[in-house]
> 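Right, I'll just put the structure down here and ask away after.
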Amino acid sequence: MLQVSGVSPDVHRLLLVEDDAELADMLTEVLADEGYQVDVARDGQRGLHLGLTRPYDVMVIDRLLPALDGLNLLTRLRSRAIGARALLLTALGTVDDRVAGLNAGADDYLIKPFDLDELSARLRALCRRTSDGAEALPIGTGRLDLGLRDVVLADGTRVALSAREFELLRVLAVRPRAVHTRAELRRRVFDEAAATSIVDTYVYYLRRKLGRTAVRTVHGLGYRIGEL
């Protein structure tokens with residue numbers, strides 16, 4: 001999936017938001033053994049920070065969390081166009097609870113106590129939906145294909161992108177009216193880079209491949225998505 005911070009493109013990045021330290025440690029070990037790169041947050045505020053600043057393929061979120069509960073956390077992430085697949089873990093198993101979770105933006109719902117094999121199977125299914133889905137984000141007359149991770153021009157031509165080019169363009173295209181500062185883009189796409197100049201370098205790469213209007217410069221502020 002996302003090739004950032006030295007991660008293999010075949011590794012799925014997973015955010016685990018769970019306040020039970022023993023359960024979080026056990027799930028981290030199990031999921032890491034299955035090939036996920038796992039980041040852990042022990043409360044909703046930390047989960048919100050990680051979800052907004054790092055790219056993930058899938059999120060596992062406890063329903064009842066300190067600081068910010070799981071539903072509120074997921075609602076806030078969805079309101080910021082964070083599209084990572086989300087599975088809610090909860091001890092609340094009524095129909096109304098499940099409906100509330102799905103309405104908040106969850107893709108799946110698993111009731112505690114749960115079987116680890118079932119959790120693994122559900123996460124694999126969510127990752128397949130992330131990888132194989134035909135979702136796309138519009139960019140003027142073209143689109144960013146989130147499944148194949150390339151750009152489709154108006155005439156049908158496909159333009160291949162590197163992992164970081166794709167992620168930078170995705171962050172811009174998810175919120176087409178937003179202006180993103182260079183510091184924000186460095187944090188969200190190039191979190192291991194020391195200098196914000198890396199953002200300018202990759203904007204240059206995207207413009208060289210897609211044309212100068214693909215990414216717009218908002219002088220004194222940053223960048224926003226343009227048109228193809």
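Atom set for the values below is all heavy atoms of this structure, side chains included, hydrogens, waters and symmetry mates excluded.
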> Specify the closest pair of heavy atoms between Leu168 and Tyr202, including all atoms of both residues, with the distance to one decimal.
CD2-CB, 3.7 Å
> Are the side chains of Leu71 and Leu88 in touch, meaning some heavy atoms are under 4.5 Å apart?
yes
> Between Asp57 and Tyr36, does a side chain to side chain donor-acceptor pair (under 3.5 Å) hold up when you go through it step by step?
CA-CA 10 Å; Asp57 300 294; Tyr36 295 93; over 6 Å; no
> Would you sort out whether Val171 and Val189 count as a side chain to side chain contact (heavy atoms under 4.5 Å, CB included), showing the intermediate values?
CA-CA 8 Å; Val171 169; Val189 182; 3.9 Å; yes
> Between CG of Leu73 and CD1 of Ile61, what distance do you get to the nearest 0.5 Å?
4.5 Å
> Grab the two heavy atoms, one from Arg186 and one from Ala193, that are nearest each other, plus how far apart they are.
NH1-O, 3.0 Å
> Under a 4.5 Å cut-off applied to non-hydrogen side-chain atoms, are Arg216 and Ile225 in contact?
no
> With rounding to the nearest 0.5 Å, note down the distance linking CG in Leu52 to CD in Glu184.
9.0 Å
> For residues Leu14 and Val60, determine if any side-chain heavy atom of one lies less than 4.5 Å from a side-chain heavy atom of the other.
yes
> As an exercise, state the distance from CD1 of Ile82 to CG of Leu50, rounded to the nearest 0.5 Å.
11.5 Å
> What is the minimum heavy-atom distance between Pro176 and Arg224, and which atoms define it?
O-NH2, 3.0 Å
> Assess the residue pair Glu18 and Val40 against the criterion (side chain to side chain contact (heavy atoms under 4.5 Å, CB included)); give the C-alpha distance rounded to whole Å, side-chain angles, the decisive distance to 0.1 Å, and a yes or no.
CA-CA 7 Å; Glu18 172 60 64; Val40 180; 5.9 Å; no
> Identify whether Ile139 and Val218 are in the same connected component of the hydrophobic contact network (ILVMFWY, side-chain heavy atoms under 4.5 Å).
no
> Is there a path from Val179 to Val174 through hydrophobic residues (I, L, V, M, F, W, Y) whose side chains come within less than 4.5 Å of each other?
no
> Can a side-chain donor-acceptor contact be found between Tyr223 and Asp200 if the only test is distance below 3.5 angstrom?
yes
> Are the charged groups of Glu167 and Arg164 less than 4.0 angstrom apart, N to O?
no
> Let me know which of Leu16, Leu74, Val17 forms a side-chain contact (heavy atoms from CB on, under 4.5 Å) with Met59.
Leu74
> If we ignore hydrogens and angles and just use 3.5 Å, is the side chain of Lys209 paired with the main-chain N or O of Ala160 as donor and acceptor?
yes
> Applying a strict under-4.5 Å side-chain criterion to I, L, V, M, F, W and Y, I'd like to know whether Leu221 and Val215 cluster together.
no
> Heavy atoms, side chains only, cut-off 4.5 Å: are Leu185 and Thr196 in contact?
no
> Passes side chain to side chain contact (heavy atoms under 4.5 Å, CB included), Asp145 versus Val151? Steps please.
CA-CA 6 Å; Asp145 190 315; Val151 167; over 6 Å; no
> I'd like to know if the side chain of Glu34 pairs up with that of Ser120 as donor and acceptor (distance under 3.5 Å, no hydrogens or angles considered).
yes
> Can you tell whether the side chains of Asp107 and Arg78 come within less than 4.0 Å, N to carboxylate O?
yes
> Membership question, hydrophobic clusters at under 4.5 Å side-chain separation (ILVMFWY): are Leu161 and Val152 in the same one?
no
> Under a 3.5 Å distance rule, please check whether Asp62 uses its side chain to pair with a backbone N or O of Leu65 as donor and acceptor.
no
> Take atom OH of Tyr204 as the centre, draw a 6.0 Å sphere, and report whether it contains more than 12 heavy atoms from other residues, nucleotides or ligands.
no
> Quick one: do Val199 and His180 satisfy side chain to side chain contact (heavy atoms under 4.5 Å, CB included)? Show the steps, please.
CA-CA 11 Å; Val199 176; His180 301 263; over 6 Å; no
> Specify the closest pair of heavy atoms between Gly105 and Ala86, including all atoms of both residues, with the distance to one decimal.
O-CB, 4.5 Å
> Is Thr90 close to Tyr109 at the side-chain level, that is, under 4.5 Å between some pair of heavy atoms?
yes
> Quick check: closest heavy atoms across Asp19 and Arg42, and the distance to 0.1 Å?
CB-O, 3.3 Å
> Any sub-3.5 Å donor-acceptor pair from Arg54's side-chain atoms to Arg187's backbone N or O?
no
> So do the side chains of Leu119 and Asp115 get within less than 4.5 Å of each other, counting heavy atoms only?
no
> Tell me if the CZ atom of Arg175 is crowded by more than 12 foreign heavy atoms within 6.0 Å.
yes
> Determine whether a donor-acceptor pair (N or O, by modelled atom type, separation under 3.5 Å) exists between the side chain of Thr213 and the backbone of Glu227.
yes
> Apply salt bridge (charged side-chain N to carboxylate O under 4.0 Å, His left out) to residues Arg85 and Asp108 and explain how you reach the verdict.
CA-CA 8 Å; Arg85 302 295 185 181; Asp108 204 351; over 6 Å; no
> Working to the nearest 0.5 angstrom, can you tell me the gap between Arg124 CZ and Leu126 CG?
11.0 Å
> List the steps, then state whether salt bridge (charged side-chain N to carboxylate O under 4.0 Å, His left out) holds for Arg158 with Asp150.
CA-CA 7 Å; Arg158 287 187 174 270; Asp150 60 10; 2.7 Å; yes
> With rounding to the nearest 0.5 angstrom, report the OG1 to CG distance, Thr141 to Leu153.
7.5 Å
> Write down the atom of Gly47, the atom of Leu15, and the distance for their closest heavy-atom approach.
O-CD2, 3.8 Å
> Could you tell me if Thr217 and Arg207 have a donor-acceptor pair between their side chains, going purely by distance under 3.5 Å?
yes
> So, do Thr75 and Leu77 sit near enough that their side-chain heavy atoms are less than 4.5 Å apart?
no
> Answer whether the closest heavy-atom distance between the side chains of Val159 and Leu210 falls below 4.5 Å.
yes
> Once you round to the nearest 0.5 Å, how far does CG of Leu87 lie from CZ of Phe114?
8.5 Å
